[in-house]
> 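Can you keep this structure in mind? I'll have questions shortly.
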Protein chains: 2
Amino acid sequence: MALRHAVLAALLAGDSSDGDDSGEYSGYQLAKAFDIGVANFWHALPQQLYAELAKLEKEGLVAGRHVVQETRPNKRMFRVTRAGLAEFEAFAAAAPKASFIRDDLMVKVQAADSVDTGPVIEQLEEQAALAEAKIELFGKVLRKMRGELDEEEFLRRGDRIGPYLTCLRGLAHERENRDWGLRVAAVLRERRTDEAR
Amino acid sequence: MALRHAVLAALLAGDSSDGDDSGEYSGYQLAKAFDIGVANFWHALPQQLYAELAKLEKEGLVAGRHVVQETRPNKRMFRVTRAGLAEFEAFAAAAPKASFIRDDLMVKVQAADSVDTGPVIEQLEEQAALAEAKIELFGKVLRKMRGELDEEEFLRRGDRIGPYLTCLRGLAHERENRDWGLRVAAVLRERRTDEAR
DNA sequence: TCATCATAGTCAAGAAACTGAGTAATCAGA
DNA sequence: TCTGATTACTCAGTTTCTTGACTATGATGA
């Protein structure tokens, strides 16, 4: 029972970029949100989200309302109930579980001394390129979130700083991803050419 | 089937700090290794490791040998077989799965605008302190791994650079952890005092 | 006009991971 | 001498996650 809190957090922090009432998402929108912002600290597939929303609704932690649409399939919009907020408060006050990571590329690098590093080098460089793209994306997202304020000002007086702060972390993480990837690729490359002599 | 590769990587990169033959670990030692080095990119509990070793042995990817001890309970030492290495090579050459993260604290920060930030601030500061301790630890581990060489030299000519490189990443990650944690704690603290006025 | 993308979901099987407990011996310190 | 830590591992039950479908409709672009 941990995904539930990520879902509640996503709903609570729900953006209002569409002009909709904030804090309300359909399952589909939630899946989108998980793809961009929430992915910085939680990974989940759409099917899981739909399932989790159903569970949360049954327990009264979120409330769904049907929205009939003409040009699009109908949908259900979910918001956090008072009980849901209470549940989240309790979670926020409790000791956090240790964060955890799973990273295929690092597994490969760990064994770099025992395997052919050729493909790994390529993957590292691809990863670095992807990270670079994300860095730019995050830059834009952050600029949009803070509007015309500069970062200091925004963090002091802006509203909705939660997603901003987690996005900052995502940005830092991607920078690290890129830098480490390039560094390791360079090191492994040099050792390959040395080896070949 | 993903833990298996982390286990193989750990065995392949197995340290020889005990003077033992390298690339050989007992389940218990493996669990230790997962606690320190491997934890930088893969999280797993001892029970999972024992189970995975059993599976890997049944499939012939690792081979175990009994070691009778007098002062301690007997144990089984595992090493990667040729088939295991082939399996790992295939994994290393295949496209990596997207890395994934789960972080309770970031979930809490995401919803910072909707909940009481008091406990979260404390947790952030605790986390920063823990990160600081890990930073120092990693510093020592790295120094030990590279011996009397400096980093450049070691990465060019040292053997067993795999664990070193992943440890570098762990170090960078912990620094980021610490810096972000302190920054966010400071921001949230200031907003609380402002709010109280 | 045809294909593909985006919206908006649902379902079920199987793999993987987590929880929590238990066993048993030795050693170090109060 | 008793406690707690360390070594070494096992088992069962449950939850969670992943995989790979499948259903619809409207919009977009070639």
Side-chain angles (χ1 to χ4, degrees), chain A residues 1-7 18 20 24-36 38-39 42-59 62 64-78 95-102 104 107, chain B residues 1-8 18 20 24-36 38-39 41-59 62 64-78 91 94-102 104 107:
Chain A
M1 305 278 198
L3 173 58
R4 63 196 311 105
H5 298 122
V7 169
D18 300 331
D20 287 322
E24 223 183 7
Y25 272 138
S26 68
Y28 190 80
Q29 287 174 305
L30 191 60
K32 293 279 159 195
F34 263 71
D35 252 20
I36 19 169
V38 181
W42 208 273
H43 156 90
L45 299 166
Q47 295 98 311
Q48 283 175 267
L49 300 177
Y50 285 114
E52 197 63 43
L53 281 172
K55 261 200 248 168
L56 287 168
E57 193 183 20
K58 208 164 58 186
E59 294 174 41
V62 306
R65 102 192 136 82
H66 279 279
V67 175
V68 177
Q69 295 185 119
E70 275 154 35
T71 75
R72 293 281 170 197
N74 296 341
K75 63 182 175 181
R76 305 198 62 208
M77 299 292 286
F78 294 92
K97 280 199 224 161
S99 76
F100 89 61
I101 308 183
R102 272 175 198 180
D104 268 17
V107 172
Chain B
M1 305 280 196
L3 173 58
R4 64 194 311 105
H5 299 123
V7 168
L8 291 173
D18 300 332
D20 287 322
E24 223 183 9
Y25 272 138
S26 69
Y28 190 80
Q29 286 174 304
L30 192 60
K32 292 278 161 198
F34 263 71
D35 252 20
I36 19 169
V38 181
F41 54 87
W42 209 273
H43 156 89
L45 299 167
Q47 297 96 309
Q48 285 175 262
L49 300 177
Y50 285 112
E52 198 62 43
L53 282 172
K55 264 199 248 171
L56 287 168
E57 193 182 22
K58 208 165 57 186
E59 293 173 41
V62 306
R65 102 191 136 83
H66 279 279
V67 175
V68 177
Q69 297 186 119
E70 274 157 35
T71 76
R72 292 284 170 197
N74 297 341
K75 62 182 174 181
R76 305 198 60 209
M77 299 293 285
F78 294 93
F91 161 71
K97 279 200 224 162
S99 75
F100 94 52
I101 307 182
R102 269 172 201 186
D104 268 17
V107 172

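In what follows, chains are A, B, ... by sequence order, proteins preceding strands, each numbered from 1.
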> Generate the contact string for nucleotides 2-7 of chain C. Rules: B means base contact, S means sugar-phosphate contact only, - means no protein heavy atom under 4.0 Å.
----BB

> Would you please confirm or rule out a distance under 4.0 Å between OP1 or OP2 of D/dC17 and any side-chain N or O of A/His43?
no

> Looking at every heavy atom in both A/Leu56 and A/Arg4, which two are closest together, and how far apart are they?
CD2-NH2, 3.7 Å

> Both B/Pro46 and A/Leu45 contact DNA chain D. Which one's nearest nucleotide lies toward the 5' end?
B/Pro46

> For B/Phe78 and B/Gly64, which heavy atoms make the closest approach, and how far apart are they?
CD2-CA, 3.6 Å

> So which heavy atom on A/Val7 is nearest to which on A/Leu49, and how close?
CG2-CD2, 4.0 Å

> Below 4.0 angstrom from OP1 or OP2 of D/dT19, is there any side-chain N or O of A/Gln47?
no

> Just how far, in rounded Å, is P of C/dA17 from CG of A/Leu3?
17 Å

> Could you give the CD-to-C1' distance, from A/Glu24 to C/dA8, as a whole number of Å?
16 Å

> Under 4.0 Å: is that the gap between some side-chain N or O of A/Lys55 and OP1 or OP2 of D/dT16?
yes

> Over 60° means perpendicular and under 30° means parallel, so classify the ring planes of A/His43 and B/Phe100, tilted if in between.
parallel

> Send over the distance from A/Phe78 CZ to C/dA8 P, rounded to a whole Å.
13 Å

> Within this structure, what is the CE-to-C1' distance between B/Met77 and D/dT7, rounded to whole angstrom?
13 Å

> Can you name the side-chain contact (heavy atoms from CB on, under 4.5 Å) partners of A/Ser26, sequence neighbours left out?
A/Tyr28, A/Gln29, A/Lys75, A/Met77

> For A/Leu3 versus A/Glu52, what's the shortest heavy-atom pair and its separation?
CD2-OE1, 3.8 Å

> Check the phosphate of D/dT7 against B/Ser26, side-chain N and O only, distance under 4.0 Å to OP1 or OP2. Yes or no?
no

> What's the closest nucleotide to the A/Arg76 side chain, out of D/dC17, C/dA17, C/dG9?
C/dG9

> Atom NZ of A/Lys97 and atom P of C/dC18: how far apart are they, to the nearest Å?
9 Å

> Can you tell me the distance, in whole Å, between the CG atom of A/Leu53 and the C1' atom of C/dT10?
13 Å

> Measure CD/A/Glu57 against P/C/dG9 and give the value in whole Å, please.
12 Å

> Which comes earlier along DNA chain D counting from the 5' end, the contact point of A/Thr71 or that of A/Gln48, where each point is its nearest nucleotide?
A/Gln48

> Counting side-chain heavy atoms from C-beta on, which of D/dG20, C/dA21, C/dA17 comes nearest to B/Trp42?
C/dA17

> What does A/Arg4 touch in the nucleic acid at a heavy-atom separation under 4.0 angstrom: a base, only the sugar-phosphate, or nothing?
nothing

> Could you pull out the closest heavy-atom pair between A/Tyr50 and A/Gly27, with the gap in Å?
CE2-CA, 3.6 Å

> Rounded to whole angstrom units, what separation is found between the CG atom of A/Leu49 and the P atom of C/dA8?
15 Å

